[in-house]
There are 2 protein chains.
Amino acid sequence: MDLPPLTQGFVLHFGEMGSRWGINRTVGQIYALLFVSSRPLNADEITDRLQVSRSNVSMGLKELQSWRLVRLSHLPGDRRDYYSAPDDVWQIFKTLAEERQRREIDPTLSMLRDAMLESPGNADDRHAQERMRQMHELIEQLTDWFAEVRRLAPETLEQLMGLGAGAVKLLDFKDRVLRRGARGQEPGGTP
Amino acid sequence: MDLPPLTQGFVLHFGEMGSRWGINRTVGQIYALLFVSSRPLNADEITDRLQVSRSNVSMGLKELQSWRLVRLSHLPGDRRDYYSAPDDVWQIFKTLAEERQRREIDPTLSMLRDAMLESPGNADDRHAQERMRQMHELIEQLTDWFAEVRRLAPETLEQLMGLGAGAVKLLDFKDRVLRRGARGQEPGGTP
DNA sequence: CATGAGTTTCAGTAAGTTCTGAAACTAGTG
DNA sequence: CACTAGTTTCAGAACTTACTGAAACTCATG
């Protein structure tokens, strides 16, 4: 692997991270390489740079395509496939989150929903079911909310995130203004 | 494994999920079991119910403790350790997120920051560095924002999430009200 | 301070996954 | 329609991780 040192560190790090997140090392490395590359790369170029087998790269690219994380392109007069990572990091993050949702969260929600339809056999079962209901509620809330966030325009989102804990103040502000709306009222307490 | 069917499905499912998220299967199962249990369990009880070796359970519990995901308790006159999952699902989620932050995100940010200090050797290097900067920015924004959210009281949070995309309207509302400032005001549209 | 209930550690093994090279396949080109 | 560049598949090898049973350790108690 004779990459520029900067890139090399990045690629190796994402290889490690990949394994920790249930994505295999090579796949992480391929993605890291595509992410920093200034132009699309074909499978052979990736093979050379990462020093792994051609077939390993082929499988890794297939995996990345199934995650919709790479874009395919072609050069005139060259029928090899060239791969690249989307430019927009926020877009990448959204795609990743969407796929994870589809593959892991949705089946989990579905399992929990099924479990909640069963009639509990005894007190312990009833307790277990109540716990599952709580978990279902949390996951559903988080994912519904995130689904809405994904729809926001990047600028709006940035504004919202820049707000941070300021959101609390904003809520408070809204309450106060609306309450005044109808009659004269005193502002609420500290958060 | 002779658990009530409801619990069994839940435990097995979280075993699978564990593997997909880089946590081993047994650890996932132990946690699922503790999560739905109506009282704290000791290591032997867990061993019996999951049908895995005693030492495997011992290691799994150690792992869960290192993630701060289980609470330890004791019964009078019994010196065995009893384990349980916290009651509050939101708390559990926060703990999980905090540990992941500490173990994976922080080192990644640090690596990216280091990479940004290097002087790029050529145009490709410069591009790679710019990409890393973008990634750094996104991750930092997301985590800063989430760190603030974690500090919110659960009710406030729920209010905020219930708002969902309505947050956009709220921002808009704030702008309009503030611009009108001193003079006559009209409350915004439906939240 | 010996006993024994409870817990942890560890070396070896089982199970699972990732990776490889070779072979098979696909589809433009002469 | 044979040739060739490119890509995919696959069986087994290499590696990694998870799991086990046995031994070592810990510590309250008689």
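Chain A is the first sequence line, chain B the second, and so forth, proteins listed ahead of strands; every chain is numbered from 1. This one's a predicted model, so the numbers in the text were calculated from it and none came from an experiment.
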Relative to the ring of B/F35, is the ring of B/F10 parallel (under 30°), tilted (30 to 60°) or perpendicular (over 60°)? parallel
Take atom CZ of B/R68 as the centre, draw a 6.0 Å sphere, and report whether it contains more than 12 heavy atoms from other residues, nucleotides or ligands. yes
Specify the separation, in whole Å, of atom CG of B/L64 and atom P of D/dA18. 13 Å
In whole angstroms, how far is the P atom of C/dT9 from the CD atom of B/E63? 13 Å
For A/D78 and D/dT4, give me the distance from atom CG to atom P, rounded to whole Å. 19 Å
Integer-rounded Å distance: C/dG6 P and B/L41 CG: 16 Å
Examine the side chains of A/Q91 and A/T95 and answer whether a donor and an acceptor come within less than 3.5 Å of each other. yes
Just to be sure I understand the rule, does A/D44 reach a base, reach only the sugar-phosphate, or reach nothing, if contact means heavy atoms closer than 4.0 Å? nothing
Can you figure out which of D/dC10, D/dC19, C/dC19 approaches the side chain of A/N56 most closely? C/dC19
5' priority, DNA chain C, between B/M59 and B/A43 [closest heavy atom]: B/A43
Please determine if a side-chain N or O atom of B/T26 lies less than 4.0 Å away from the OP1 or OP2 oxygen of D/dC19. yes
Answer yes or no: does a side-chain N or O of B/N42 lie under 4.0 Å from OP1 or OP2 of C/dG6? no
Could you state the CG-P distance from A/L75 to D/dG6, rounded to the nearest angstrom? 12 Å
Among C/dC10, C/dG16, C/dC19, which is the nearest nucleotide to the side chain of B/R25? C/dG16
Would you tell me if any nitrogen or oxygen in the side chain of B/R54 comes within less than 4.0 Å of OP1 or OP2 on D/dT20? no
To the nearest angstrom, the CZ-P distance between B/R20 and C/dT17 comes to 11 Å
I'd like to know if B/S53 reaches the base of D/dG21 with its side chain, counting only an N/O donor and acceptor under 3.5 Å. no
Please confirm whether the shortest side-chain N or O distance from B/K62 to OP1 or OP2 of C/dT7 is below 4.0 Å. no
What integer distance in Å separates A/R80:CZ from C/dA27:P? 18 Å
I want to check a possible cation-pi pair here: B/R103 against B/W67, using under 6.0 Å from ring centre and within 45° of the ring axis as the test. yes
d(CD, A/Q51; P, C/dC19) in whole Å: 14 Å
Under the criterion salt bridge (Lys or Arg N to Asp or Glu O under 4.0 Å), I'd like the reasoning laid out for A/E45 against A/R39: C-alpha separation, chi angles, the key distance, then a yes or no. CA-CA 11 Å; A/E45 292 171 321; A/R39 60 174 181 81; 2.9 Å; yes
Any B/S58 side-chain N or O less than 4.0 Å from OP1/OP2 of C/dT8: yes
Please pick, from C/dG6, D/dA18, D/dT20, the nucleotide with the shortest atom-to-atom distance to any side-chain atom of B/R79. C/dG6
Report yes if a side-chain nitrogen or oxygen of B/N24 is closer than 4.0 Å to either non-bridging phosphate oxygen (OP1 or OP2) of D/dC19; otherwise report no. yes
